[in-house]
Amino acid sequence: MPQNSRARLPRLCFLSYRQIREFAMPVVAEYTGRAEIEVVDGTFGGALAIARDRLERGMVDAFVSAGSNASILRAGLEAPVATIQLGGFDLLQALIKARRISSRVGVVMYGQTIPELDAVKDLLNIEITQYAYQTPDDARQRFEQLRRDGFEVIVGSSLVVELAEEAGLHALLAYSLDSIRKGFEDAIELARVARLEAGRYEQLNGVLHNLQEAVLAVNRDHRIIAVNPAMQRVLDKQRRLLGQQLELVEPELSLQATLDGGAEERSVVLRYARRDWIANRTPIREHGELVGAALTLYDARRIQEADTSLRMQQRRQQNSARHGFASLIGESPGFVRAMDTARRYAKTDLGVLIAGESGVGKELFAQAIHNDSTRADRPFVVVNCASFPETLLESELFGYEEGAFTGSRRGGKRGLFEAAHTGTLFLDEIGDMPLSLQTRLLRVLQEREITRLGATAPVPVDVRVIAATHQPLEEMIAARRFRQDLYYRVNTLRLTVPPLRERGQDIALLAQAHATRCLQRLGSRLDAARALAPLLPHFLAGEWPGNVRELENICERVAVFLLQFDRVEDIRYDDLRHDCPELFERHPAGTPPVRDHVLEAMRLAGGNRQRAARQLGVSRSTLWRWLRDLNIAGERADPS
Ligand SMILES: Nc1ncnc2c1ncn2[C@@H]1O[C@H](COP(=O)(O)OP(=O)(O)OP(=O)(O)O)[C@@H](O)[C@H]1O
């Protein structure tokens, strides 16, 4: 709609015979302030052609016309037409005038005869003969008949008046200026409503026009009543589609079933024009009655792309690998070897099994491999198999359909395998996976598709699995606690990250790097390397059962201790024995600390396992295992 259309006057086209036009000119003059009025003479077919021309050129909002012209315009145009109606008084006035000329009056009107004239006849004491006509020929014949019968005065529509005048008879137009006024009032109102509708239609059309989805709609007769540019491109048809029968244009896209059954079909996969589409077929109802149907086609590739970017967006939020090889600190020969191996593995797309004690950096290696692989900008999803009870782990990994079990979420839930689609799934502590789930996992790895709990159809997934274990899987196989076939699957490439106690030179590096980071974060200006130097022998003497995580934990406590000193020279190292006794008395590698130690940590952390694990310098899963082994955890394993 043009911008100033609201302010613009309604545009009317007054289409009439010359006689009525001449008669109506005073009214036209009255209305020029309220409407732009084009006055055109035209009759029957000619009038229709003129009207169509005006409409096509967008020059008119509503037409005003009388008698036969009005009927023809109404039948032939999809535009508002106001009819100048013949009022009862109009005809009476004309008859009174006619009586002054002759007592025999002929009346010829378009449409139907007027029965009430019989009563008027007696009242006015005149002879009235009336005819109705449908076509100009008809009118002419009726008029000739009256002339032959000796009528000298004729009352009627403008066509009849014209004929009478040509024949030299008296003629009176059966309309009054008031009925003309009424016609113009109606036309202005019709134009206003038409403008409102046109505005709404244009808005809707604008939306349809800009939709990426291809949309078309048909009416009950299968004729296309709306088609957007996207659909026009899909159909690849140059010709005009509006008004065509969909069945003939494109039988493959038929909406027959929707129009017959009135049922809606959503997300149907359709192969058309050598492409896959997701189609929706929807019935269109007006006041509950089926009046047509709509077809929407979404390009399946676009949906896949959107799905990927959605997954990537989610990945950015929660499933991301922050670290690359550059974040890995270590120069000891065993560590450098592991780095080189991992770098080579990153160049492949094969499964990797990372072995190593808790806290050695297995997850960090997995992130680095992912970030150095072709899947780098895809999701990296972590699942710790030791942190979930069996049933929960199953639904976490594979997801579930709505209603799969009591308490399942509405709409179901996507599993971590699906979340990791096109990326990497890091299965930490795979040795803790229950046997039944190992079987399911093996099937997924072999078939590369998952079936959500409660679902029937599998969904293909493209996931690289990197697994990690601190347990000797070979021994577990012998004890029948780990499936041998799954072991071969996940152990395609193997990486062993050595424990910290075997990486003497890395201990100092890591301690310094981490203490520096902590001090900076805490706002201290102390030189971390100098401040830490006197402590290094203690660091190096440690067994580090919790490996790098434990070392990080102790560094944090040391940093908090150092915070009170502004200068290295002022540091009272002896006081640290109180704040950080672990640095001075170490427990043997791999064995859990005594039960009381764990209980105390849990108590101090207010039962929060994450905090307690941090306090103890072990991972959450290690703490979980300790709690289980020391029979502290009770029955329920809480993943929080
Ligand atoms: N070489 C390293 N350089 C820097 N930081 C490291 C290194 N190795 C481990 N870390 C840090 O140590 C902590 C533990 O690492 P990570 O979680 O990767 O160990 P993990 O072997 O996966 O442990 P778990 O088996 O208990 O899950 C993390 O904060 C990690 O950033």
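Just follow the structure's listing: the first ligand is 1, and inside any ligand the first atom is 1.
- Heavy atoms from other residues, nucleotides or ligands lying under 6.0 Å from CZ of Phe565 number more than 12.
- Among all non-hydrogen protein atoms, the one lying nearest atom 7 (C) of ligand 1 is Leu364 CD2, 3.4 Å.
- Across all their heavy atoms, Val269 and Ile278 have their closest contact at CG2-CD1, 4.1 Å.
- Considering only non-hydrogen protein atoms, atom 10 (N) of ligand 1 sits nearest to Val548 CG1, 3.3 Å.
- Across His323, Glu552, Glu357, Glu363, heavy-atom proximity to atom 11 (C) of ligand 1 is greatest for Glu552.
- Considering backbone and side-chain N/O of Ser358, one or more are found under 3.5 Å from N/O of ligand 1.
- The contact set between ligand 1 and Leu510, taken as ligand atoms under 4.0 Å from a residue heavy atom, comprises 2 (C), 3 (N), 4 (C).
- When the options Val382, Val360, Thr469 are ranked by their closest heavy atom to atom 8 (N) of ligand 1, first place goes to Val360.
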Verdict with supporting geometry, Tyr487 and Glu474, side chain to side chain contact (heavy atoms under 4.5 Å, CB included)
CA-CA 8 Å; Tyr487 176 73; Glu474 297 79 359; 2.5 Å; yes
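- A salt bridge links Arg501 with Glu357: at least one charged nitrogen is closer than 4.0 Å to a carboxylate oxygen.
- Shortest contact from atom 17 (O) of ligand 1 to any protein heavy atom: Arg549 NH2, 3.0 Å.
- Comparing Ser327, Gly330, Ala513 by heavy-atom distance to atom 4 (C) of ligand 1, the nearest is Ser327.
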Could you give me the CA-CA distance, side-chain angles and deciding distance for Arg494 and Val352, then say whether side chain to side chain contact (heavy atoms under 4.5 Å, CB included) is met?
CA-CA 6 Å; Arg494 191 186 179 98; Val352 181; over 6 Å; no
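- Of all protein heavy atoms, the one lying nearest to atom 1 (N) of ligand 1 is Ile329 O, 2.9 Å.
- Contact analysis leaves His470 out of contact with ligand 1, as no non-hydrogen atom separation drops below 4.0 angstrom.
- If you look at Ala468 next to ligand 1, there are no close heavy atoms at all, none under 4.0 Å.
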Could you check Gln471 against Asp432 for side chain to side chain donor-acceptor pair (under 3.5 Å), going step by step and ending with a plain yes or no?
CA-CA 9 Å; Gln471 309 190 65; Asp432 281 320; 3.2 Å; yes
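- For Phe335, the heavy-atom gap to ligand 1 drops under 4.0 angstrom.
- Contact between Ala366 and ligand 1 is absent, with no heavy atom of the residue lying under 4.0 Å from the ligand.
- Between His370 and Phe380, the ring planes are tilted. Angles from 30° to 60° get that label.
- With hydrogens left out, the protein atom closest to atom 15 (O) of ligand 1 is Gly361 CA, 3.6 Å, a heavy atom.
- Aromatic ring centres of Phe335 and Phe365: separated by under 6.0 Å.
- In terms of protein heavy-atom proximity, atom 23 (O) of ligand 1 is nearest to Gly359 N, 3.0 Å.
- Note: an N/O pair closer than 3.5 Å links Asp428 and ligand 1 by distance alone.
- Residues Asn371 and Ala376 approach most closely at O-CB, 3.4 Å, considering heavy atoms.
- In this structure, atom 25 (O) of ligand 1 lies nearest to the protein heavy atom Lys362 NZ, 2.6 Å.
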May I have the step-by-step check of side chain to side chain contact (heavy atoms under 4.5 Å, CB included) for Ile466 and Ile369, ending in yes or no?
CA-CA 9 Å; Ile466 300 182; Ile369 292 173; 3.9 Å; yes
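- Taking the ring centre of Phe325 as origin, the terminal cationic atom of Arg343 falls inside the region bounded by 6.0 Å and 45° from the ring axis.
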